[in-house]
Amino acid sequence: MQPLFIYNTVTRKKEEFKPINPPFVGFYVCGPTLYSDVHIGNCRTFTSFDIMYRYLLHLGYKVRYVRNITDVGHLEDEVAGEGEDRIGKQARIKQLEPMEIVQRYSFGFREVMSLLNTLPPSIEPTASGHIPEQIEMIENIIKNGFAYVEDGNVYFNVEKFAEANNYGILSGRSIEDQLNNTRDLDGQQEKKGRLDFALWKKAKPEHIMRWKSPWSIGFPGWHIECSAMSQKYLGNTFDIHGGGMDLIPTHHTNEIAQSVGCCGQAPVNYWVHTNMLTLNGQKMSRSLGNVFLPVELFTGKKLSSNSPSATPSQAILEDKHPLFDKAFSPMAVRFFMMQTHYRSTLDFSNEALTASEKGFERIIDAFKTLQNLTSSNSSSEDIKALQQKCYDAMNDDFNTPVLIANLFDAVRIINSCNDKKLNLTQNDIEVLKTIYNDFVFNIMGLKLEEANNKANNVLDNVVNVLLNMRNQAKTDKNFTLSDEIRNKLIEAGIQIKDSKEGSTWKLN
RNA sequence: GGUCCUGUGGCCGAGCGGCUAGGCUGAGCUCUGCAAAAGCUCCUACAGCGGUUCGAAUCCGCUCGGGACCUCCA
C-alpha cells in the first residue's frame, strides 16, 4: 500500500498515516448545523473531506465515515450558554416543528452534496437521536470530577481539566493565555471559570426541544454530541477527525476535553482541518452575511426571497446574480475547489472559476480523445512514471493541485499522440485510461456532465447529418455552404472540431 | 489588545535549501480552403530590507500589506 502522509493539526506536521486497526479506518467529520441552507463555503469543506474519503477507499481501506447532523443544542451565544437554540428559533419564526426545519435543510444539503458528486457518509447521526448517549457521557465526566451541576445546568470545568491535561493541545494556546486574553463577555454568572462550557442546559419555558435528564428537563450542549457519537460509532480512540479550521479553538478543543474527561484517553490520532472559502478576501460565513448558495452558483441566478427553500430542485430563482458572470456547473465548481489545496484559503472569483472551467473541459475532452487513440509498437513517454507522480501528489497530504498538474501532462500527451506527434503503446493507453478512471473519476470524483438520454442521442444524430453535409460541401469546394453550416451551428451553441480523421463536435 | 497563518509572473495557484509545477489570459508558429480545436514556442515571478549558507521563493530577524481565531460559524 502507498504510504500516505497527512497533516496533523496536533503536531503541525505531516505524519505517515497508520490506522489503529488496518484495513479499517474510523473517520469522523463535523457536519452542518441545519438551521438554514448550507452555503458554498460549507460545501468546500465537505468536498475536501470527500476527496480524502475517496482516496482512502481507493487505497483499499475499509472506511467508516461518520458525518453528523447537528439538529439541537447549538445556541446563538455559545460562550455564555445563553440565547435560543438555533434550530428552535427558526422553528418558532417559521411556525414549524424543529424536525421540519431540520428535514427541510437536510434534504437541501444532501441534494447539493449529491450534485457535487460527494459520496454519502457511512453513518449520518443526528444529535437529537443520541440524547441517552450524551447523558451517559456527561454522567461519566461528572463522575470523573471534570464537570459540575449548577441549577439544572451542567458545565465542564476547564481549569480543573487543565491541571493535568493540555487543554490547548489543538489550538496551541496556553490556558493562561486563553484566560487572560479573552474579550469581555456577558452571561457568565453561573460558570465557575470563563472557559467553562455547557454540557447540559436546562430548558427555558419557550424552548421547544427538551428531554429528561438527571439534572433538568433540557437539552445537550453543542460540543457533546460529536464526542458521544464519534465514541459510539468509532470507539474511544479512532483514526481521523476532520472539520473546518474555525472549529479548532472551541468545538474541537472542547471535544477533546470531554472525551479525555470521560474516558481518560485522546479520542483522535489525526486531526485534519480544512481552510475557509473567502469572498473578496473575507471569510464566507453565515454570521457575516456574505454568503451565496450553491443553487445560485449553479444557475447564475439569485434565489427569490419568496422561494420556500434553496434546494436546487425546488428553488424559485430571480434574475441574474450580481456576483456571477454566468452559471457554473457543479463539476466545474468541484474542479475549481480541487485546484487549491484544502489547507489554503480558496478565494472565489469569476475569473478563477472561468479559468478552472476551461481547464476542466480540456481534461474531459482529452478523455474522449483517449478512447480513440491509435497505438504504436514503441513509446516515447513514461506513462508509469506519470501514474506514480499522481500517487505521490495524493500521498503528500492529498495534494490535488499537484495531481491536477500531472493530469494536464497526461492531457498534453494524449493530444500529442492524437496529432501523431508522439507514440504510445497499447499498454500506455491502457495505463492512461486507468489514470483517468482512478484519479479523475474515482478519487477526484469528477464525472461527465452530459446526460446520455434519448434527446441527446437524437441531437447527436442530427448534428452528424449536418456535419456530413458540410463535409460533402467541403469536398465539392463549396466553402460558402460549408462555412454557413459551421457558423449556424456555432450560433446554435455547437462547436466543431476538424481533424484529419473527420469532424467532431461539442456543446459550447 | 493577544495568538496564529499568509504575501509567488496579467489572473488563479503549487512549492517545505540546489534541479526554477500546472491552469487561464496574451503573442508568434505548425496544421487548416479559411477558421475553430490541438500541438509547439515566448512573456520566468517569488512584498521590502537585512542576515545564515557554497547556494534561499523556501531558514532567521525587522518593516509594510492581507487574513483567521480569541463570541456562533465548515
Side-chain angles (χ1 to χ4, degrees), chain A residues 12 14 29-33 35 38-49 74-80 83 86 168 171-174 177-178 180-187 222 242-251 273-278 281-288 291 335-336 339-341 343-347 349 351-360 362-363 365-366 369 389 393 396 399-409 411-412 414-422 474 477-479 482-483 486-487 490 495-500 503-506:
Chain A
R12 290 162 194 258
K14 289 178 195 169
V29 170
C30 286
T33 303
Y35 65 94
V38 291
H39 59 68
I40 202 72
N42 303 125
C43 295
R44 193 238 174 156
T45 293
F46 302 127
T47 304
S48 295
F49 287 117
H74 201 151
L75 302 181
E76 298 214 283
D77 188 349
E78 266 314 319
V79 72
R86 285 172 183 269
S171 64
R173 300 188 64 194
S174 69
D177 176 42
Q178 290 188 75
N180 296 330
N181 292 304
T182 309
R183 293 182 210 164
D184 288 334
L185 301 162
D186 300 324
W222 173 39
M245 268 185 182
D246 48 356
L247 299 180
I248 293 172
T250 308
H251 185 56
H273 292 95
T274 56
N275 214 320
M276 301 291 107
L277 183 139
T278 59
Q282 196 177 37
K283 177 185 170 186
M284 176 177 288
S285 76
R286 289 160 165 176
S287 49
L288 285 170
V291 302
F335 185 77
F336 168 67
Q339 275 196 301
T340 301
H341 187 82
R343 281 190 289 114
S344 299
T345 52
L346 173 66
D347 194 49
S349 71
E351 294 73 24
L353 211 34
T354 304
S356 286
E357 184 181 49
K358 288 189 180 174
F360 174 55
R362 218 154 77 79
I363 284 182
D365 287 348
T369 306
K389 280 167 86 176
D396 184 14
N399 198 327
T400 49
V402 170
L403 168 63
I404 289 170
N406 289 318
L407 291 173
F408 278 114
D409 268 348
V411 168
R412 182 182 48 75
I414 291 166
N415 286 329
S416 292
C417 179
N418 192 236
D419 287 353
K420 307 281 184 282
K421 284 173 181 156
L422 57 78
K474 282 169 73 176
K477 301 257 189 272
N478 185 352
F479 296 122
S482 69
D483 287 355
R486 181 175 72 198
N487 294 337
I490 289 170
Q495 185 186 64
I496 295 170
K497 299 186 200 179
D498 291 336
S499 74
K500 289 198 171 67
S503 302
T504 57
W505 63 275
K506 70 169 188 172

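Just so we're on the same page: letters track the sequence lines, and every chain starts at 1.
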Might you point out which heavy atoms bring T45(A) and G243(A) nearest each other, and give the distance in Å?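 Heavy atoms only, the tightest pair is CG2-C, 4.5 Å.
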Integer angstrom distance from the [atom1] of [N] to that of [M]:
N: rC16(B); M: rA21(B); atom1: P; value: 12 Å
N: rA35(B); M: rC29(B); atom1: P; value: 11 Å
N: rC12(B); M: rU20(B); atom1: P; value: 24 Å
N: rC54(B); M: rC46(B); atom1: C1'; value: 22 Å
N: rC19(B); M: rG51(B); atom1: C1'; value: 26 Å
N: rC5(B); M: rG23(B); atom1: C1'; value: 26 Å
N: rG10(B); M: rU3(B); atom1: C1'; value: 36 Å
N: rG1(B); M: rG15(B); atom1: C1'; value: 35 Å

When all nucleic acid strands are considered with a 4.0 Å heavy-atom cut-off, which category describes [X]: base, sugar-phosphate, or nothing?
X: P401(A); answer: base
X: N42(A); answer: base
X: F479(A); answer: base
X: G41(A); answer: base
X: S344(A); answer: sugar-phosphate
X: S285(A); answer: base
X: L407(A); answer: nothing
X: Q282(A); answer: sugar-phosphate
X: A352(A); answer: sugar-phosphate
X: S416(A); answer: sugar-phosphate
X: H251(A); answer: nothing

Please state whether the phosphate of rG15(B), meaning OP1 or OP2, lies under 4.0 angstrom from any side-chain nitrogen or oxygen of N399(A).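 True: N399(A) side-chain N/O within range (under 4.0 Å) of rG15(B) OP1/OP2.
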Protein-nucleotide distance ([X], atom [atom1]; [N], atom [atom2]), rounded to Å:
X: L288(A); N: rA74(B); atom1: CG; atom2: P; result: 13 Å
X: N415(A); N: rC40(B); atom1: CG; atom2: P; result: 9 Å
X: K420(A); N: rG39(B); atom1: NZ; atom2: P; result: 14 Å
X: L403(A); N: rA14(B); atom1: CG; atom2: C1'; result: 12 Å
X: M284(A); N: rG67(B); atom1: CE; atom2: P; result: 16 Å
X: K283(A); N: rG67(B); atom1: NZ; atom2: C1'; result: 11 Å
X: D347(A); N: rA14(B); atom1: CG; atom2: P; result: 12 Å
X: M276(A); N: rC69(B); atom1: CE; atom2: P; result: 8 Å

Between rC72(B), rG33(B), rG2(B), which one does the side chain of D483(A) approach most closely?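 Taking heavy atoms from C-beta onward, the closest nucleotide is rG33(B).
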Which nucleotide in the list rC72(B), rA14(B), rG22(B) gets nearest to the side chain of T340(A)?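 Selected nucleotide (nearest to the side chain): rA14(B).
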Between K358(A) and D365(A), is there a side-chain N and carboxylate O pair less than 4.0 Å apart?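 No salt bridge links K358(A) with D365(A).
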Taking 4.0 angstrom as the limit, do R412(A) and D409(A) come out as a salt bridge?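 Looking at D409(A) together with R412(A), the answer is yes, because their closest N to O distance falls below 4.0 Å.
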What protein N or O atoms touch nucleotides 25-32 of chain B N or O atoms at under 3.5 angstrom, if any, and at what distances?
{"unit_1": "rU25(B)", "atom_1": "OP1", "unit_2": "K358(A)", "atom_2": "NZ", "d": "3.0"}

Dot-bracket line, read 5' to 3' along RNA chain B, where crossing pairs take [ ] and | marks a partner on another strand, Watson-Crick or G-U under 3.5 Å: ((((((((.[[[..)..(...]]].(((((.......)))))....[[[[[..)....]]]]])))))))....
Out of curiosity, [X] [atom1] to [Y] [atom2], how far, rounded to the nearest 0.5 Å?
X: I404(A); Y: N399(A); atom1: CD1; atom2: CG; answer: 9.5 Å
X: K506(A); Y: I496(A); atom1: NZ; atom2: CD1; answer: 13.0 Å
X: C43(A); Y: H39(A); atom1: SG; atom2: NE2; answer: 8.5 Å
X: N275(A); Y: R44(A); atom1: CG; atom2: CZ; answer: 6.0 Å
X: F335(A); Y: I363(A); atom1: CZ; atom2: CD1; answer: 4.0 Å

Base [N] paired with [X] side chain (donor-acceptor, <3.5 Å):
X: R486(A); N: rA35(B); answer: yes
X: N418(A); N: rG39(B); answer: no
X: R412(A); N: rC40(B); answer: no
X: D498(A); N: rA35(B); answer: yes

Centre of Y35(A)'s six-membered ring, under 6.0 Å away, within 45 degrees of the axis: is that where NZ or CZ of R286(A) sits?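 The answer is yes; both the distance and angle limits are met.
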Closest-nucleotide 5' rank along RNA chain B - winner of I40(A) and I496(A):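 Nearest-nucleotide comparison on RNA chain B picks I496(A).
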So which one's nearest nucleotide on RNA chain B is more toward 5', R343(A) or D419(A)?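 Looking at RNA chain B, the more 5' nearest nucleotide goes with R343(A).
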4.5 Å side-chain heavy-atom contact, [X] and [Y]:
X: L277(A); Y: I40(A); answer: yes
X: K497(A); Y: S503(A); answer: no
X: M284(A); Y: T278(A); answer: no
X: V402(A); Y: D396(A); answer: no

